[in-house]
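Just follow the structure's listing: the first ligand is 1, and inside any ligand the first atom is 1.
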Amino acid sequence: RSAGEVRIVEVGPRDGLQNESSTIPLQTKIELIRRLAQTGVRNIEAGSFVAPKWVPQMANSSEVLNYLLGYPPAAPAPIAFNFLVPNLKGLQNFLKASGTDNAPITSSEGPNQTPTPPSSLNSSKSGDTGEQGPITSRKDKTKMSSDTSSKDNPTQPDGSSASSNSIEVSLFTAATETFSKANTNCTIAESLERCKPIVSLAKSQNIRVRGYVSVALGCPYEGPDVSPAKVAEMTATLLEMGADEVSVADTTGMGTAPKTQELLKALFGAGIAAKDLALHFHDTYGQALVNAVVGLEQGIRTFDSSVGGLGGCPYSKGATGNVATEDLLHCLHSLGATTGVDIEKMAEIGNWISKELGRPNDSRVGKAILAR
Ligand code: HMG
Ligand code: MG
């Protein structure tokens, strides 16, 4: 049986870069997103409106968002750009950067200046299909960088173009108290309380909301035995609050095939539908692909991954990056899934960004493709 369409959420620019020790220039982040946009991937997690003293690498997420709105990257299909928000302050900063708080309109004429944010966000409510409403952007601000030619920024056969991109937010909570405290300085209950007004405010602006439940298959502080029932309960709570989907995250990479199976059983047993779930695997123990296949077999059709296997979580010591997008694509395509993502382009980007960051390319498939 064919796996059909599978949605990849490319989290490299956020999860991938947040843990890098040396400061990554804004231009490199933007270039990474611009290149990713050209691969056909429809979802890119582009930044994080968290406290800069906690995660300094994400401090310029306003500039990233502002840039994406002012200069939508050339892309073969509309893209949803996602930003993490940990609290109302984060959401307010996100809204300010996106121009929905009635920020004054200023003009900008070149790619090196901060572009004018549009005056409105997504104009239509998203459905379960993963389709998002358009971002309105100024016609004269459709180019992100001077090397973007009109050839790179085509209007699609269906009439869509980069101007129908959208922006989304992700909120996050965790399945163990110690991780919640370490990551967001609050208890699980407090974090769920924080989530409520974020969801309502985002929804009132027609912004799609993603939820994350961290440490679903193991916790750096409490060990590998995280309760699947607790993960299911938290996932259900986020969905009831109004989240459009929940990404269940193996932060530490401690997940195995049987544990993933058990977790999915608990999630489905709690009445949660596969279409409302995404799986987010870190590959610390090299089990991410196996776990993804278990998810696929159980009907999951959305997976998070990071180009070049970039990343790690600042609050999960020793955890390595997400499953590499190139590796996940190779695996999914071999099983007959369609992703719409160009694996060769992804492999080139993995190689490029690894060099930019001065780190080894962690995608085995990426390296194999480039060695051919
Ligand atoms: P806190 O220190 O408890 O917050 O942090 P606070 O309300 O007491 O405020 C302290 C200071 O932070 C104040 O500034 C606030 O204004 C400021 P001061 O008065 O000291 O100058 N502040 C903010 N500044 C900017 N943006 C904000 C913000 N909020 C407060 N949003 C907080 C609480 C949640 C903010 C903090 O703990 C935090 O930022 N945590 C985020 C940690 C993080 O980014 N972790 C990584 C992302 S999650 C992840 O990687 C997991 C995932 O990939 C899935 C998986 O693999 O598990 C998604
Ligand atoms: Mg993660």
Side-chain angles (χ1 to χ4, degrees), residues 9-20 43 45-62 65 82-97 168-176 178-188 190-195 197-198 201 209-222 226 231 234-235 238 243 245-255 263 277-284 288 291 303-306 309-325:
V9 179
E10 170 57 55
V11 298
R14 195 282 303 173
D15 211 350
L17 300 186
Q18 71 181 7
N19 208 24
E20 285 293 315
N43 293 76
E45 200 170 70
S48 187
F49 285 83
V50 295
K53 74 171 181 196
W54 288 64
V55 186
Q57 203 62 260
M58 291 289 113
N60 52 10
S61 290
S62 290
L65 171 54
N82 193 294
F83 290 81
L84 252 59
V85 294
N87 53 13
L88 259 185
K89 186 178 171 102
L91 182 63
Q92 278 153 359
N93 289 345
F94 166 86
L95 293 174
K96 194 169 170 202
E168 306 179 350
V169 293
S170 284
L171 36 87
F172 48 102
T173 179
T176 67
T178 18
F179 191 82
S180 179
K181 203 78 188 157
N183 197 31
T184 46
N185 199 22
C186 65
T187 64
I188 292 176
E190 285 164 348
S191 94
L192 290 171
E193 281 308 308
R194 274 186 197 172
C195 289
I198 302 179
L201 182 53
V209 177
R210 185 167 218 248
Y212 275 106
V213 178
S214 284
V215 296
L217 288 163
C219 171
Y221 312 103
E222 298 185 23
V226 173
V231 178
M234 300 200 55
T235 305
L238 290 175
E245 83 181 0
V246 174
S247 181
V248 177
D250 182 13
T251 317
T252 59
M254 288 178 193
L263 176 60
L277 292 171
L279 290 174
H280 177 110
F281 292 112
H282 284 262
D283 204 21
T284 317
N291 298 340
F303 295 93
D304 303 353
S305 61
S306 183
L310 298 177
C313 175
Y315 302 99
S316 182
K317 196 165 177 284
T320 59
N322 300 83
V323 61
T325 307

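Between the Ser61 side chain and the Phe49 main chain, no donor and acceptor come within less than 3.5 Å of each other. The closest donor-acceptor contact from the side chain of Ser170 to the backbone of Leu84 lies at 3.5 Å or more, if one exists at all. No donor-acceptor distance shorter than 3.5 angstrom exists from the side chain of Arg194 to the backbone of Cys186, with no hydrogens or angles considered. When atom types are taken as modelled, the side chain of Asp283 and the backbone of Ala288 share a donor-acceptor pair closer than 3.5 angstrom. At distances below 3.5 Å, not a single donor-acceptor pair connects side-chain atoms of Glu20 with backbone N or O atoms of Leu17. Judged purely by atom type and a 3.5 angstrom limit, Asn93 has no side-chain atom pairing as donor or acceptor with the backbone of Ala97.
Of the candidates Arg210, His282, Arg194, it is Arg194 that places a heavy atom closest to atom 34 (C) of ligand 1. Proximity annotation for atom 42 (C) of ligand 1: of Leu217, Val50, Val11, Asn183, Asn183 comes nearest, heavy atoms only. Taking only non-hydrogen atoms, the option from Lys89, Gln18, Arg14 nearest to atom 17 (C) of ligand 1 is Lys89.
Between Tyr221 and Phe179, the ring-plane angle classifies as tilted under the 30° and 60° cut-offs. Below 30°, between 30° and 60°, or above 60°: for Phe94 and Phe83 the angle between ring planes is between 30° and 60°, a tilted geometry.
Taking 4.0 Å as the cut-off, Ser247 does not count as a neighbour of ligand 1 on heavy-atom distance.
In terms of N/O distances under 3.5 Å, ligand 1 is not approached by Pro86. In terms of polar-atom proximity, defined here as any N/O pair under 3.5 Å, Ala249 makes no such contact with ligand 1. Distances between N or O atoms of Asp15 and those of ligand 1 include at least one value under 3.5 Å. For Phe49, a nitrogen or oxygen atom sits less than 3.5 Å from a nitrogen or oxygen atom of ligand 1, counting backbone and side chain alike. Where the criterion is an N or O separation shorter than 3.5 Å, residue side chain and backbone included, Ser48 fails it with respect to ligand 1.
Those atoms of ligand 1 with a heavy atom of Pro52 less than 4.0 angstrom away are 24 (N), 25 (C). Counting atoms of ligand 1 from 1 in the listed order, those under 4.0 Å from a heavy atom of Gly90 are 31 (N). Residue contact check: Tyr212 has heavy atoms under 4.0 Å from atoms 54 (C), 58 (C) of ligand 1. Of all the atoms in ligand 1, the ones that sit under 4.0 Å from a non-hydrogen atom of Val55 are 43 (C), 44 (O). Per-residue contacts place Thr184 under 4.0 angstrom from the following atoms of ligand 1 (heavy atoms of the residue considered): 33 (C), 34 (C), 37 (O). Close approach to Asn185 involves these atoms of ligand 1, each under 4.0 Å from a residue heavy atom: 1 (P), 2 (O), 3 (O). Here is the list of ligand 1 atoms found below 4.0 Å of a heavy atom in Ser214: 51 (C), 54 (C), 55 (C), 57 (O). Those atoms of ligand 1 that come under 4.0 Å of a heavy atom in Phe172, given as number and element, are 48 (S).
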Does Asp304 form a side chain to side chain contact (heavy atoms under 4.5 Å, CB included) with Arg210? I'd like the steps, not just the answer.
CA-CA 12 Å; Asp304 303 353; Arg210 185 167 218 248; 2.8 Å; yes
Step-by-step side chain to side chain contact (heavy atoms under 4.5 Å, CB included) determination, Leu238 to Val213
CA-CA 9 Å; Leu238 290 175; Val213 178; 3.8 Å; yes
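Closest approach of Thr252 and Cys219 over heavy atoms only: CG2-C, 3.9 Å. For the pair Leu91 and Ile198, the tightest heavy-atom approach, listed with the atom from each and the gap, is CD2-O, 3.6 Å.
Sequence neighbours left out, the pairs with a member in residues 45-61 that pass salt bridge (charged side-chain N to carboxylate O under 4.0 Å, His left out) are Arg14-Glu45.
Residue Leu84 touches ligand 1 through its side chain alone, judged by heavy-atom distances below 4.0 Å. Here Asn322 has no heavy atoms under 4.0 Å from ligand 1, in either its backbone or its side chain.
Taking the Mg ion (ligand 2) as reference, His280 places its N/O/S atom NE2 nearest. Taking the N/O/S atoms of Asp15 in turn, the shortest distance to the Mg ion (ligand 2) belongs to OD2.
Residue Asp304 does not count as close to the Mg ion (ligand 2), with no N, O or S atom under 2.8 Å.
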